[in-house]
Amino acid sequence: MRCWLIIRFLKGKTVVSVFSIIVPATSANVGPGFDCLGTALTLYNEFKFIPLEESRVFINVTGPEAEKVSTDENNLLYQAFMEFYRYLKQKPPSVKIEIKLGIPLARGLGSSATAILGGLLGANILAGKPLSRKQLMELAIAIEGHPDNVVPALLGGCQLTATNDMRKEVCDIPWHQEVIPVIAIPDFELSTSEARKVLPTQVGHQDAIFNTAHLGLLLRGLETGNHDWLEAALQDKLHQPFRKSLIKGYDNVYSAAVSAGAYGMVISGAGPTLLALTDTLHSEGVEIAMAKAWQQQGIKAVTHSLQVDTQGARNIVQV
Ligand code: HSE
């Protein structure tokens with residue numbers, strides 16, 4: 001389905017030729033890393049920028065679920081694009097933006113983060129790259145509200161973000177190549193705001209200690225591929241126990257994934273996609289088991305065995 005809307009602007013100066021940016025999907029939290037850890041995955045949204053001579057910006061969306069994406073001022077990419085020019089105190093240029101969706105919407109795979117980064121990076125290129133990657137990252141975090149999707153989507157890899165006063169410290173987390181992320185994407189949506197509403201405002205000391213220990217173990221487990229550490233490390237007490245009731249069939253899919261050889265399974269971001277970690281030998285079986293368990297609950301799910309994207313958001317050669 002193709003959606004078109006024309007947004008009028010004052011005429012800008014066109015100096016850049018056509019270019020495209022791809023931005024990877026992300027899986028935030030990875031169990032105990034709530035709101036601070038996330039990994040980029042080899043699944044992408046693509047944003048093509050075609051500078052125009054006319055005084056207009058067009059937004060066009062194609063791909064699965066394109067009809068669900070607004071093409072007016074409510075479009076998140078458009079809002080990030082405009083935020084960039086507000087920040088620079090400049091008028092936005094005229095451009096046609098084609099959004100090609102490859103990441104399902106509202107499934108906990110960072111589709112919003114890709115839109116924010118697509119808007120900011122595209123605007124930065126059109127403006128002659130006045131902002132550094134770090135400045136773009138800070139703007140993206142301010143728009144998204146938490147770093148665990150936008151940081152890995154921008155930088156690639158698995159990224160841990162911590163705050164030091166007002167500054168963000170970002171740490172690249174090594175991910176062993178034998179640790180395979182398997183995702184199962186159900187055919188229903190769950191909004192992040194709904195999934196955040198069920199969280200308690202405070203947690204107990206014991207639960208905080210539990211997550212501190214498990215996050216530390218997870219980081220070393222991801223680096224070394226140590227099976228025992230990964231089996232223990234994916235547990236969490238800060239968000240998953242409260243959210244799993246929003247995801248029909250969660251316990252069944254969990255049991256199926258672990259029986260098929262996964263180290264464990266977590267909610268990807270705010271859900272409803274579920275992320276299992278396994279090894280190359282078991283990944284196909286884990287995919288089949290997760291899809292089957294959901295099917296038995298009357299839910300269709302698409303599964304993928306992916307890799308960690310190591311490059312992050314990038315400008316690709318235009319043909
Ligand atoms: N850390 C966030 C959450 C990610 O779990 O709510 C959602 O995009």
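Counting convention: from 1, in listed order, for ligands and their atoms alike. Numbering of residues begins at 1 and proceeds along the displayed sequence.
Judged by the 6.0 Å and 45° rule, K237 forms a cation-pi pair with F210.
When non-hydrogen atoms are compared, ligand 1 lies under 4.0 Å from neither the backbone nor the side chain of Q240.
Within the listing of ligand 1, atoms 1 (N), 2 (C), 4 (C) sit less than 4.0 angstrom from a heavy atom of D148. Those atoms of ligand 1 that come under 4.0 Å of a heavy atom in N29, given as number and element, are 1 (N), 3 (C), 5 (O).
With no hydrogens or angles considered, no side-chain donor-acceptor pair links T42 and D309 at under 3.5 Å. If you check the side chains of H282 and D279, you find a donor sitting under 3.5 Å from an acceptor.
Among protein heavy atoms, atom 8 (O) of ligand 1 sits closest to N149 OD1, 2.8 Å. Protein heavy atom closest to atom 3 (C) of ligand 1, with residue, atom name and distance, is R196 NH1, 3.2 Å.
A side-chain donor-acceptor contact under 3.5 Å links S70 to the backbone of N75.
For the ligand labelled ligand 1, residue H146 lies inside the 4.0 Å heavy-atom shell.
Here the closest heavy-atom approach between residue L275 and residue S27 is recorded as CD2-OG, 3.4 Å.
Taking any N or O of D35, backbone or side chain, at least one lies under 3.5 Å from an N or O belonging to ligand 1.
Classification of R196 and D35 as a salt-bridged pair holds, one side-chain N sitting under 4.0 Å from a carboxylate O.
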